[in-house]
Amino acid sequence: MATIDYEFEGSPRQLDVNAGDITKPMVVLLHGTNGEKRDMTNPTYYGFNYDFTGSFPPGRNIGWRAYPGVGIWSFKLDELKDVTSWQDVLNQNNFGTVVYSQLDAGGLLARPVRELATVMTVLQKHFPDSSFVLLAHSRGGLLVRKFLKDFPGLTTRIVKVITLHAPHTGSELANASQAVNGAINDLRGVFGNISAIDDALRMVTSSINTPAFQEFTVGSAFLTDLENGEVALANIEYYSFGGTNVTFTRLLAWVYNAASAIPQWNWPPFFHRIVTIELPVISPVLDSLPNLTPEITSGQGDILTADARTRIPFGIHNTKHISHAEALWDPGLQAHVLSILGATPGFWS
Amino acid sequence: MALQQYSLDPRKEVQRFRNTYVNFYNLWKASGKVPDGIQLVSPSTFTMNEEVLPELLKDMLTELRKRYPMEAVRFLKYIRFENGDPVYVVEDENGLPEEDRILTLSRTATINTVEYVKVVTELFVAEKIK
């Protein structure tokens, strides 16, 4: 990996660049709200890569105890699974990549848009023969559209724009944040201070309560202004992806098996063994939240965005049954994007 | 709201009981000493029958009889644990009845405050007479 230093509004900044096949476009990876470059290079840092389709671990023997084993031993979430980042999958397919952490990731888009303009200026200078693809997750999609509209002179070498779960026509979560916060707090109230439950809900609450999220409430001034006079650029192919899975993790518990309460003629008399169950009714999250908005309704949203609102103007849209976080590593989505990029043998030769 | 889906195999539980069984009479006889705080009593001097069972266990035995009639039940052993330690053991050198004839009954009571906790478990071993 190499770095390119640049300056933005007087501050030193840095791009991480991995070289690729020079006959292929270079992919600029743009993260979303409250994110940073690791969203695209190592999304496991969030700790959200739960394997909610994995089988339960085998039961465990705890041992002999003086008292019957009854009820719950502990709460847990699903195990984490290995995933491949967008940077890695693109590099593995010989696409060069550029990634950086945007300024004001939780704030308004104005500065990140100007920063992207600086980034594209720097890249076009460093790679005079390259074409570019902008691959953006979540709010990164709006960042791209605003950049394309405000800086058309910097877009001539962009060949494709691909947005992943970007709220192109807004998010009703932002409109309903008070009700959603209330529903989440109700869920928290049931489980007291169980940190595992808090972790599962953190992704929603940390997003919907930021200024960035409020910027794209449905009908916001920002979105209205963006759509006003926006035109498709002839040299760019537009693609968007949306998600319809609101499952984040299962809520599990280690519970004593029934035999743990049956005394044996032994000293001490109770042999404890625990097994894993999924907590009924409230698992999985966030399926168990009330369907207050399409964003958090299974089949319609991905927790933070509604599929119907992630359709990019002027483009081809695809829907996958994955969540907002899964868009950072889902192999099926990655394969689809690679096919859009023409990552088949000989395509670019 | 049921949290658990119990899937108990009664034969496996009986087998587990037999596999973890320790004859305390033989154990302490071999060591020459009953540990302090434990009373070891011979079954021949301790009245054990259905009449002395706590009401809950009587009801459970009645329920069992309705489903699996049996001629009689002969009580063989009794043990009382307090906080996991045996305090009263009614046992002799005889082992357990065979697998298809064994019957166990137990109840556990607990009390707990910030100053005090006690777990009492009573366990009977009997033989089904058919």
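Each chain gets a letter, A, B and so on, in the order the sequences are listed, and its residues count up from 1.
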I'd like to know which of B:Asp85, B:Leu96, B:Val119 tops the heavy-atom pair count under 4.5 Å against chain A.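 Heavy-atom pairs under 4.5 Å are most numerous for B:Asp85.
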Interface moiety of [X] toward chain A, non-hydrogen atoms closer than 4.5 Å:
{"X": "B:Thr20", "answer": "both"}
{"X": "B:Leu105", "answer": "neither"}
{"X": "B:Arg18", "answer": "neither"}
{"X": "B:Val89", "answer": "side chain"}

For the residue pair [X] and [Y], confirm or rule out a side-chain donor-acceptor distance under 3.5 Å.
{"X": "A:Thr247", "Y": "A:Asp287", "answer": "yes"}
{"X": "A:Thr319", "Y": "A:Asp307", "answer": "yes"}
{"X": "B:Thr62", "Y": "B:Asp59", "answer": "no"}
{"X": "A:Thr53", "Y": "A:Asp51", "answer": "yes"}
{"X": "A:Ser138", "Y": "A:His165", "answer": "no"}
{"X": "A:Thr293", "Y": "A:Glu172", "answer": "no"}

Looking only at the aromatic ring of each residue, does the gap between the centers of B:Phe46 and B:Tyr88 stay below 6.0 angstrom?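 B:Tyr88 vs B:Phe46: aromatic centres under 6.0 Å.
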If you take the centroid of each ring, where Trp contributes its six-membered ring, are A:Tyr67 and A:His272 closer together than 6.0 Å?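 So the answer is yes for these two rings.
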Residues of residues 22-35 of chain B with any heavy atom under 4.5 Å of a heavy atom in chain A: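 From residues 22-35 of chain B, the residues near chain A are B:Val22, B:Phe24, B:Trp28, B:Pro35.
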So which residues of residues 77-84 of chain B are in contact with chain A at a heavy-atom cut-off of under 4.5 Å?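 Against chain A, the residues of residues 77-84 of chain B that fall inside the cut-off (heavy atoms, under 4.5 Å) are B:Lys77, B:Tyr78, B:Ile79, B:Phe81, B:Asn83, B:Gly84.
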Heavy atoms from other residues, nucleotides or ligands near CE of B:Met48 exceed 12 (cutoff 6.0 Å):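 Result for CE/B:Met48: enclosed.
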Neighbour count above 12 (heavy atom, 6.0 Å) for A:Asp82 CG: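 Check fails, neighbour count at 12 or below.
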Side-chain contact, heavy-atom cut-off 4.5 Å: A:Thr249 with A:Val285?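 Contact flag for A:Thr249/A:Val285 side chains = yes.
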Examine distances only and state if a side-chain atom of A:Ser171 and a backbone atom of A:Leu304 form a donor-acceptor pair shorter than 3.5 Å.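 Checking the backbone N and O of A:Leu304 against the side chain of A:Ser171, a donor-acceptor pair under 3.5 Å is found.
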